[in-house]
Amino acid sequence: MIRVILADDQELIRESLSFVLNAQADIDMVGIATNGREAIELVRREKPDVVLMDIRMPEVDGVECTRLIKEAYPQIRVIILTTFDDDEYVFGALRYGASGYLLKGVSVAELANAVREAAKGGSIIMPGVATKALQMFARMAKGSMQITVTEKQSAELQENEWRIIREVGCGLSNKEIAAELKFSEGTVRNYLSNILSKLDLRDRTQLAIWAVQTGVVNRPW
């Protein structure tokens, strides 16, 4: 059972999302917060697997919540709930270790699958927003967040792994990568797990930033 906390200051969003997630056989809603401070208190008490976090909340916003949660409980996965107008906030949350973001208004299936993917340690990038994701990764790569991978580590990568790294850096989701490279989504997930292990990287966001910093996203195949 995947233990989930939802934090959002809009009552309609809280009620609708908690209702659809509670209907999932493998998901257990263990807490609902109306602001960032409540979210942090709930996380400390309940130790959930996944937190669905509204990016803009009173008292403590989603970026600061993500930072505090990931510093204290790095194993807890945070998914940011956002709109197309929240780039700066999403940028900050990804930098602090959020597993990805969902646009408000996603389907029930997308929401539930995102929770499951995050609980497994995966990252969530909405299909169809690759350009937006790439722009964020590029900005992070140009900032102070430098990702270090040794030449010995990168030398262990195989051709298909390089191809997947390029697509991750371009902001594609697992589903989009699978379609692009003619793999199954399960194969893409396995490749990503192996890549992160070889490069000793924390998550997909670090991999994407490294791909941008090193120019892998511009390599032809």
Side-chain angles (χ1 to χ4, degrees), residues 1-83 86 89-127 129 133 173-175 185-186 189 192-193 196 201-206:
M1 189 70 75
I2 304 170
R3 292 165 50 81
V4 177
I5 281 175
L6 169 65
D8 198 295
D9 64 335
Q10 297 181 13
E11 183 178 2
L12 181 60
I13 296 292
R14 291 196 305 271
E15 290 184 353
S16 59
L17 294 188
S18 61
F19 176 79
V20 298
L21 287 175
N22 265 326
Q24 305 298 310
D26 58 340
I27 295 175
D28 180 19
M29 291 294 301
V30 297
I32 298 174
T34 63
N35 60 58
R37 196 171 303 281
E38 287 182 11
I40 294 169
E41 292 172 357
L42 271 174
V43 167
R44 287 172 179 162
R45 185 167 71 246
E46 298 293 342
K47 306 296 191 304
D49 301 302
V50 178
V51 179
L52 283 169
M53 181 88 69
D54 181 21
I55 201 70
R56 299 196 188 205
M57 289 187 295
E59 298 196 34
V60 183
D61 67 30
V63 177
E64 181 65 6
C65 277
T66 299
R67 184 185 71 80
L68 293 171
I69 290 169
K70 295 300 289 186
E71 282 183 355
Y73 311 102
Q75 78 281 4
I76 294 177
R77 309 297 179 178
V78 178
I79 302 174
I80 297 300
L81 298 173
T82 182
T83 69
D86 288 334
Y89 290 88
V90 173
F91 173 89
L94 289 173
R95 184 178 61 191
Y96 288 130
S99 295
Y101 63 95
L102 290 174
L103 298 177
K104 291 186 177 181
V106 296
S107 69
V108 172
E110 286 174 325
L111 176 65
N113 287 335
V115 169
R116 295 181 184 111
E117 184 66 22
K120 292 187 297 185
S123 296
I124 296 88
I125 296 178
M126 290 291 294
V129 293
S173 66
N174 284 358
K175 183 176 182 179
E185 288 189 60
R189 282 195 297 270
L192 279 171
S193 178
L196 293 175
L201 296 180
R202 181 188 66 204
D203 54 32
R204 187 195 198 100
T205 300
Q206 287 192 338

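All of these numbers come straight from a predicted model, not from anything done at the bench.
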Identify, with sequence neighbours excluded, every residue that meets side chain to side chain donor-acceptor pair (under 3.5 Å) alongside Arg3. Glu46

Any donor and acceptor pair, going by atom type alone, linking the side chain of [X] with main-chain N or O of [Y] inside 3.5 Å?
| X | Y | answer |
| --- | --- | --- |
| Glu15 | Leu12 | no |
| Asp28 | Val30 | no |
| Asn113 | Ala109 | yes |
| Ser193 | Arg189 | no |

Ion pair present between [X] and [Y], side-chain N to carboxylate O less than 4.0 angstrom?
| X | Y | answer |
| --- | --- | --- |
| Glu64 | Arg67 | yes |
| Arg116 | Asp26 | yes |
| Lys104 | Asp8 | yes |

For side chain to side chain contact (heavy atoms under 4.5 Å, CB included), just list the numbers for Leu52 and Leu21, CA-CA rounded to whole Å, side-chain angles, deciding distance to a tenth of an Å, and then say yes or no. CA-CA 11 Å; Leu52 283 169; Leu21 287 175; 3.4 Å; yes

Could you give the distance from CZ (Arg77) to OG (Ser99), rounded to the nearest 0.5 Å? 5.0 Å

Spacing of Ile69 atom CD1 and Ile40 atom CD1 [to the nearest 0.5 Å]: 6.0 Å

Partner of Ile80 under side chain to side chain contact (heavy atoms under 4.5 Å, CB included), chosen from Ile55, Val51, Leu102: Ile55

The test is side chain to side chain contact (heavy atoms under 4.5 Å, CB included); show your working for Ile2 and Val50 and say whether it passes. CA-CA 8 Å; Ile2 304 170; Val50 178; 4.1 Å; yes

